[in-house]
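Below: the structure, in structure tokens.
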Amino acid sequence: MTLRLGIAGLAGRMGRLLVAEAERAEAVLIGGVLRPGSSAAGLEGVPVFADLAALAAASDAVVDFTHASAVRGHAAVLRETACAWILGTTGLSAADEQAVAWAAERISVVYAANFSPGVNLVLALAERMAASLPAESYDAEIIEMHHRQKVDAPSGTALALGRRVASGRGTALDAVMQSGRDGHTGPRETGAIGFSAIRGGQVVGEHRLLFAAASEQIELVHRSFDRRVYAAGALRAAHWAHGRPPGLYSMTDVLGM
Ligand code: NAD
């Protein structure tokens, strides 16, 4: 079924990729919204709507890769529409995530820190590994690297990995997260889930989950070479979400994993 697609954050890196991928994904590009002051260079021919409400009224799904500061406003607008919301923005606070859940009471929302099918498989494997490898003996560390423009750390995907490891161990990430060690930190706490973030160059996304024990080490590594994998995954989610009952869905639901 052809999908009427709207894009929030049209002029961003992901917004522009969605424009390029829309046709391949059997979507009709309705247009997008731009933050005031953004350059629309290279987007000639793509309709720009005055606001998100107008875009959503004309679309079956709005794909949103913008900024965490926009999420609560977008939730309030989209909740009042019949449009699915495909949210890829990362760096959301607990209050932002509550707003997403609140919108999902009325519309179908797919919220994923990473739309790559490969990453979602890694997330599922991470949880299984964590459930099998005792926290007392296997220290879990998550190391991520991204391009120098990235504004949030650890990455949304790293946090998602951490949540799955915590869940596999029957705990909550907040209770065991240890991020950005510096100075006299003392010895590593048993059961902690450590995070390290590296920024540099144009690395699209690299995530490494390490379980380190005294006698062995197991690593799960995922590398993204091209952002198109996220755009294609988000468009797959948009098709999947269109016409679904209201609810907060994940990429795991979309992929049927
Ligand atoms: P970008 O900076 O290139 O683009 C962001 C766009 O959002 C820009 O056009 C900007 O003008 C707009 N914007 C910023 N603040 C806004 C606001 N308050 N209201 C409306 N629009 C606003 O960034 P990007 O690389 O396209 O990434 C965007 C977001 O998507 C980031 O949070 C990034 O981490 C995330 N991301 C997620 C995935 C995933 O698979 N879930 C993949 C890539 C990027």
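Numbering of ligands and ligand atoms starts at 1, following listing order. Here, residue 1 is the first one in the sequence, and each next residue gets the next number.
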Discussion item. Using the side chain to side chain contact (heavy atoms under 4.5 Å, CB included) definition, which of the options V122, L173, V119, I193 pairs with L161?
Written reply: V122

Fill in: Other residues, nucleotides, ligands: >12 heavy atoms within 6.0 Å of R188 CZ
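More than 12 heavy atoms, drawn from other residues, nucleotides or ligands, come within 6.0 Å of this atom.
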
Sub-3.5 Å pairs, protein N or O with ligand 1 N or O:
| unit_1 | atom_1 | unit_2 | atom_2 | d |
| --- | --- | --- | --- | --- |
| ligand 1 | 3 (O) | R13 | N | 2.8 |
| ligand 1 | 9 (O) | G12 | N | 3.1 |
| ligand 1 | 11 (O) | R35 | NE | 3.2 |
| ligand 1 | 11 (O) | S38 | OG | 3.3 |
| ligand 1 | 18 (N) | S69 | OG | 3.4 |
| ligand 1 | 25 (O) | R13 | NE | 3.0 |
| ligand 1 | 25 (O) | R13 | NH2 | 3.2 |
| ligand 1 | 26 (O) | R13 | N | 3.4 |
| ligand 1 | 26 (O) | M14 | N | 2.9 |
| ligand 1 | 32 (O) | T90 | N | 3.0 |
| ligand 1 | 32 (O) | T90 | OG1 | 3.3 |
| ligand 1 | 34 (O) | T90 | OG1 | 2.7 |
| ligand 1 | 34 (O) | K150 | NZ | 3.2 |
| ligand 1 | 40 (O) | F115 | N | 2.9 |
| ligand 1 | 41 (N) | G88 | O | 3.1 |
| ligand 1 | 41 (N) | A112 | O | 3.0 |
| ligand 1 | 41 (N) | A113 | O | 3.0 |

Worksheet entry | Salt bridge flag under 4.0 Å for residues R181 and E141 |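 Looking at E141 together with R181, the answer is yes, because their closest N to O distance falls below 4.0 Å.
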
Worksheet, complete the sentence: E219 meets the side chain to side chain donor-acceptor pair (under 3.5 Å) criterion, sequence neighbours left out, with R208

Response to the item:
The side-chain contact (heavy atoms from CB on, under 4.5 Å) partners of R16 (sequence neighbours excluded) come to A11, L43

Worksheet entry | Set of side-chain contact (heavy atoms from CB on, under 4.5 Å) partners for A54, sequence neighbours left out | F49, D51

